Amino acid sequence: MPYITSMINRDETVRAAIRRLHGLRIMRQDPWECLISFICATFANIPRIKGMIQNLCQHFGSKITHGAIQVYGFPRKEVLADASIHELLDCNLGYRAKYIKKTSQSLVNSEFNLDTLRKTSYEEARELLLCLTGVGEKVADCVLLFSLEKLEAFPVDIWIRRILQTHYRGHFNIPNLEQRYMTPRLYKAFNDFGRQYFGRYAGYAQEYLYAEYRSS
DNA sequence: ACCCAGGAATTGT
DNA sequence: ACAATTCATGGG
């Protein structure tokens, strides 16, 4: 078994996922695109997230022509920082519009450069991401994992929570497990468990579990 | 019509 | 500190 999968091969649940999805990859996306995309992703389903991103590209991206085919690139941060809330609302962003404008402005004003975070530690990069409006723990962990090469990041969304509660119930003792929505306390409990249990490549374990057991 | 969504910020206790 | 409540809206 390859190195990474052998490192997360801790039990039969994840082993079954690895067997079926062997070869699964994690993206190394552009950090800016990744960040805005996951701010859009909060409290939305995947078809809608696709729509929001497509709207952003069509309204604010530059046109790219490949022969007869035309696509729109992802908007630059300066463009989104200068966009009006009204224009952003036209992209069906809802309450996310103000988060995207604020975060874009923060990054334009160069409080820090996202691309430098690849050379920053997991802990410090996470702290910095959490300073941005619209970025909580889950969004920060997704950006760390899918663009900043922090493979120990372990994002906990509603699906991962269900999967952990179903398949790893005996591994943690968390009060108020019946709560419908994620609380900071619950997030920390699931996130700590994932990183400690699966180790340095916990993010791969998260993705194997998500891809195998998310059902809908 | 009803319920949910790859949550985070804000407000109340 | 920590627990409710609010937030906009498309998709199933």
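Labels below follow one simple rule: chain letters A, B, ... track the order of the sequence lines, proteins then strands, and each chain is numbered from 1. Since this is a predicted model, take the numbers as computed values, not measurements.
Spacing between atom CD1 of A:Ile85 and atom P of C:dC7 amounts to 16 Å, rounded to whole angstrom units. If you measure from atom CD1 of A:Ile163 to atom P of B:dG6, you get 12 Å, rounded to the nearest angstrom. In this structure, the CE atom of A:Met182 is 14 Å from the P atom of C:dA3, given to the nearest Å. To the nearest angstrom, C1' of C:dA3 lies 10 Å from CZ of A:Arg185. Atom C1' of nucleotide C:dG10 and atom CG of A:Asn55 are separated by 11 Å, given to the nearest angstrom. We find that CG of A:Asp157 is positioned 15 Å from C1' of B:dA8, with the value rounded to whole Å. Nucleotide B:dG7 holds its P atom 15 Å from the CD1 atom of A:Ile100, rounded to whole Å. Regarding A:Leu89, its CG atom lies at a distance of 12 Å from the P atom of C:dG10, rounded to whole Å.
Taking the six-membered ring for Trp and the full ring otherwise, A:Phe190 and A:Phe172 have centroids separated by under 6.0 Å. In summary, the aromatic rings of A:Phe146 and A:Phe38 are positioned with their centroids under 6.0 Å apart.
Taking a 4.0 Å limit (strictly below) on heavy-atom distances, residues 30-41 of chain A reaches DNA chain B at A:Ala41. For the segment residues 133-140 of chain A, residues with any heavy atom less than 4.0 angstrom from an atom of DNA chain B are, sorted by number, A:Thr133, A:Gly134, A:Val135, A:Gly136, A:Glu137, A:Lys138, A:Val139.
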Please list each protein N or O that sits under 3.5 Å from an N or O in nucleotides 1-5 of chain B, with the distance.
unit_1, atom_1, unit_2, atom_2, d
B:dC4, OP2, A:Arg180, NH2, 3.2
B:dA5, OP1, A:Arg162, NH1, 3.0
B:dA5, OP1, A:Arg162, NH2, 2.4
B:dA5, O3', A:Ala44, O, 2.8
B:dA5, O3', A:Asn45, N, 3.3

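Between C:dG11 and B:dA8, the distance separating the two P atoms is 22 Å to the nearest Å. Taking atom P on both nucleotides, B:dG6 is separated from C:dT5 by 24 Å, rounded to a whole Å. For the C1' atoms, the distance linking C:dT9 with B:dA1 amounts to 16 Å, nearest Å.
Across all strands shown, A:Lys98 has heavy atoms under 4.0 Å from sugar-phosphate atoms exclusively, and none from any base. Using a 4.0 Å heavy-atom distance criterion, A:Leu145 is classed as making no nucleic acid contact.
Judged by closest nucleotide on DNA chain B, A:Pro155 is the one of A:Pro155 and A:Tyr99 placed further toward the 5' end.
No side-chain N or O of A:Tyr208 forms a donor-acceptor pair with one of A:Asn9 less than 3.5 Å apart.
Listed by chain and residue number, nothing satisfies the side chain to side chain contact (heavy atoms under 4.5 Å, CB included) test with A:Arg25 (two or more places apart in sequence, or in another chain). Shown here are the side chain to side chain contact (heavy atoms under 4.5 Å, CB included) partners of A:Ser84, two or more places apart in sequence or in another chain: A:His86, A:Glu87. Every residue meeting the side chain to side chain donor-acceptor pair (under 3.5 Å) condition with A:Arg19, not counting sequence neighbours, appears here in chain and number order: A:Glu12.
Under the side-chain contact (heavy atoms from CB on, under 4.5 Å) test applied with A:Thr133, the options A:Lys102, A:Lys98, A:Lys101 reduce to a single match, A:Lys102. Checking each of A:Glu212, A:Arg214, A:Gln206 against A:Tyr210 for a side-chain hydrogen bond (donor to acceptor under 3.5 Å, both in side chains) leaves exactly one that passes, namely A:Arg214.
Electrostatic pairing of A:Glu137 and A:Arg126 counts as a salt bridge here, judged by a charged N lying under 4.0 Å from a carboxylate O. We find that A:Glu78 and A:Arg76 are joined by a salt bridge, their nearest charged nitrogen and carboxylate oxygen being less than 4.0 Å apart.
The neighbour count for A:Arg118 CZ, taken as heavy atoms of other residues, nucleotides or ligands under 6.0 Å away, is above 12.
Geometrically, A:Arg10 engages A:Tyr197 in a cation-pi contact, judged by NZ or CZ lying under 6.0 Å from the ring centre and within 45° of the ring axis.
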